[in-house]
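Let me begin by presenting the structure, written as structure tokens, before commenting on it.
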Amino acid sequence: MKIAKVIVDVPLMQTDKAFSYAVGQEFSELIEPGMRVHLPFGTGNRLVQGIVVEVLEQSEQLENLKTIAELLDPEPVLTPEQLWLADEMRHSVFSYKISCLKAMLPNLLNSNYDKLLRASDGSSSKWSELTEAQKIASAKAVRAGEISIEYLAKSKENRKIEKYLSVPDLDKLAQFEIEKRAKKRLELKYFLLRLNQEKIALKTLDFSTQIIKFFVEHDLVKIEEVEISRTKEKFAAIQSDQAKQLNAEQTQAFEKIIHNPERTFLLEGITGSGKTEVYLQTIDHFLKKGQTAIMLVPEISLTPQITNRFIARFGDKVAIMHSGLSDGEKYDEWRKIKSGQAQVVVGARSAIFAPVENLGIIIIDEEHESSYKQDSSPRYHARDIALLRAKWHGAALLLGSATPSLESRARAMRGVYDLLLLTKRANEAAILPEIQVVDMRQEISDQSTNFSQTLLQKIKEKIEKNEQIILMLNRRGYSSFVMCRECGFVVDCPNCDISLTLHMDTRTLNCHYCGHVQGIPQTCPNCQSRKIRYYGSGTQKVEEELHKILPEARVLRMDVDTTRTKNAHEKILDKFGKHEADILLGTQMIAKGLDFPNVTLVGVINADTGLNLPDFRASERAFELLMQVAGRAGRADKKGEVIIQTFNPNHYAIQLTKAQDYEKFYEKEMAFRKELSYPPYYFTVQVLISHQNEEIVIQKAYEIAQLLRQNLTTKAKILGPTARPIARTHNLFHYQILVKYRFEEQLENALNQVLELTQQRENKNLRVLIDSEPQNFV
DNA sequence: CCTAGTGCACCA
DNA sequence: GGTGCACTAGGT
């Protein structure tokens with residue numbers, strides 16, 4: 001008899017282990033690790049989905065095991081490599097194994113559970129389709145025994161199928177007599193004869209099903225179901241292109257990578273140095289060897305500009321995975337990869353789990369981006385997964401950036417990674433942009449405007465020359481807070497310790513943390529004064545200001561609020577690319593990966609946002625962002641100009657952006673990290689503790705800190721507990737502990753003990769999150 | 001002594 | 001998460 005070890009889809013600590021199930025005779029031949037199954041679980045024997053991680057042959061009859069109810073897959077949906085990855089992940093990602101496994105599957109394969117409510121009269125309804133009131137009524141009826149419950153654990157898998165018509169025997173069709181008055185039948189006959197055996201999609205035919213049926217019944221045509229890719233049309237529209245000539249530096253990088261295919265490389269290249277061309281050619285090299293490739297791009301820059309380059313070069317060998325796709329589209333791409341049809345995967349963070357076989361190279365572009373770390377459970381870093389996968393396959397790993405993260409650069413300096421430098425712009429004619437820093441303290445004390453004279457002048461100049469401008473303002477909404485001039489009262493979110501942001505389009509005050517929305521008060525809630533004023537500028541306000549100062553300028557605004565709908569992102573960029581607007585105004589999402597040759601001016605309205613955040617990476621982030629946005633200026637033959645407005649003109653992140661000196665920044669920042677024992681000199685783990693009651697959080701946070709101190713060596717530095725910078729959100733108080741360490745054998749063990757603590761009943765409402773190498777402290 | 005309500009351990 | 005079960009308080 002066979003026994004299957006299964007991880008059940010019940011994400012809880014007590015069920016976070018493999019359960020043994022008997023395999024019935026009917027599945028015995030088929031079952032394999034990596035398949036999804038349905039099984040009876042718990043006292044009610046409700047059907048639960050699970051993933052088989054191991055199949056054992058058991059000669060003697062084991063004690064009464066339950067039996068697997070259903071096999072959901074004809075073949076494994078997870079590879080042995082992915083099962084191994086889930087094991088490895090758990091050493092650093094403090095999450096349930098089932099969560100790790102599910103992170104590797106497209107959503108469609110992660111089944112949703114629904115309850116089918118059966119009334120005594122035989123009628124039934126689905127729980128998920130009921131209104132809140134109906135749910136309550138049904139729940140009562142269930143208790144009264146009037147309604148019984150059935151659990152549905154149904155897979156949502158749906159392949160998009162298209163029906164195709166084909167003619168198996170042309171002669172037979174030609175000789176087949178059709179009566180003259182059957183005009184439509186005759187029409188179809190001659191149409192098919194003209195097609196000459198070519199397949200045709202049923203939906204493109206303008207014949208009724210009756211007519212088609214007649215032909216099928218007489219064996220004249222065959223109908224085939226073909227699984228189609230939802231993204232096919234998009235691919236067909238893109239023109240293919242050829243490899244470009246590499247310059248000396250690019251060639252050197254390329255050669256090094258292909259001759260050391262088991263190494264990790266850090267490709268450091270200034271904007272416009274042609275990193276993408278190196279990526280394309282190295283991928284091509286591995287494809288020619290019969291291998292596959294994964295290319296990661298930050299979600300935000302996963303624009304058509306980037307993806308089209310890959311499609312143009314590799315055609316239908318490419319699978320694209322990003323969050324803009326529907327579940328169905330994601331599933332299609334996943335199938336393409338799984339079946340081996342696609343050998344190049346281009347995608348955001350989660351694409352690192354793509355089920356490719358025989359991996360030759362993994363590329364992570366803009367490797368410094370913090371979005372490569374997932375900020376919800378399982379909190380994995382794509383770079384860490386990439387290292388594991390590269391190890392498994394003996395594949396090359398290429399990290400690319402103009403401003404590498406200090407962690408990666410430090411590793412390259414120690415020889416852990418090989419450093420490859422691109423110091424010249426690929427297009428020789430293109431010169432680096434000129435960067436000017438405007439000290440906003442020196443500007444006329446008129447606080448009502450966001451534009452310095454210098455910036456305004458330049459904008460006008462560029463518009464006259466019919467060139468385009470990108471303006472970045474890292475704050476969305478209209479005003480960042482609303483304050484009473486009379487008593488200083490600021491309108492705060494009732495659930496969070498943060499002021500509400502004014503949104504003019506909807507005329508509401510919004511909380512950017514919990515989503516709370518309320519109206520704008522006419523009088524001060526505190527002193528009833530009418531002197532309510534708006535302070536701080538967001539993209540909406542700056543847009544309005546631009547309309548006032550430069551009514552002739554056409555402005556496009558791009559931020560979370562204008563890109564919420566599907567493809568909105570794409571449409572805005574497309575419009576700007578066609579020069580249907582002069583100014584693209586946006587939050588940091590406009591800084592990444594855009595390439596508009598006609599943009600000759602980049603303006604940073606306020607470089608200070610983020611600079612003074614209580615986060616040791618604040619300077620690094622600011623520097624990266626400014627360097628990146630500066631790189632948007634003058635990418636073709638026109639010289640670019642960058643104007644940075646700031647109240648901190650002497651801050652080193654701003655000074656070194658002006659000098660465009662990564663090297664100097666690296667040195668300076670490393671010295672600071674060394675002095676304060678931060679990464680890359682130390683590793684970090686953050687423990688976040690939340691509860692509705694502030695006293696309880698504080699008390700528990702101290703208990704946890706104590707537990708950590710007891711288990712770790714004195715070399716580990718434990719900071720805190722301290723209140724988070726925004727101490728309360730969603731009506732919960734948040735405290736944090738930061739552990740800085742180098743070598744701590746007992747760390748994993750200690751952190752697991754912390755998690756076990758939360759299982760105790762007295763800590764029921766306590767929320768404890770463990771984040772290894774946290775990226776955001778605010 | 002019965003019963004509705006709540007807390008709790010366990011799930012193969 | 002969901003379930004049966006033990007325990008408890010309050011009613012008859």
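So you know, we letter chains A, B, ... as the sequences are listed, proteins then strands, and number each from 1.
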### Query
Rounded to the Å, how far apart are A:Leu39 CG and C:dG2 P?
16 Å

### Nearest-angstrom distance from the residue atom OH of A:Tyr96 to C1' of C:dG1
11 Å

### Message
Run the side-chain contact (heavy atoms from CB on, under 4.5 Å) test against A:Thr758 and tell me which residues pass, sequence neighbours left out.
### Response
A:Val768

### Task
Taking A:Gln699 for its side chain and A:Ile696 for its backbone only, find out whether a donor-acceptor pair lies under 3.5 Å.
no

Do any N or O atoms of the protein come closer than 3.5 Å to N or O atoms of nucleotides 10-12 of chain B, and which pairs are they?
| from | atom 1 | to | atom 2 | distance (Å) |
| --- | --- | --- | --- | --- |
| B:dA12 | OP1 | A:Lys66 | NZ | 2.0 |
| B:dA12 | O3' | A:Ser20 | O | 3.0 |
| B:dA12 | O3' | A:Lys66 | N | 2.7 |
| B:dA12 | N3 | A:Ser20 | N | 3.1 |

### Message
What is the separation between atom CD1 on A:Ile98 and atom C1' on C:dG1, rounded to the nearest whole Å?
### Response
14 Å

#### Entry: Note, A:Arg36 side chain near A:Gln49 side chain (heavy atom, < 4.5 Å)
yes

### salt bridge (Lys or Arg N to Asp or Glu O under 4.0 Å) against A:Asp375, all qualifying residues, sequence neighbours excluded
none

### Query
For the residue pair A:Phe27 and A:Tyr21, is the inter-centroid distance of their aromatic rings smaller than 6.0 Å?
no

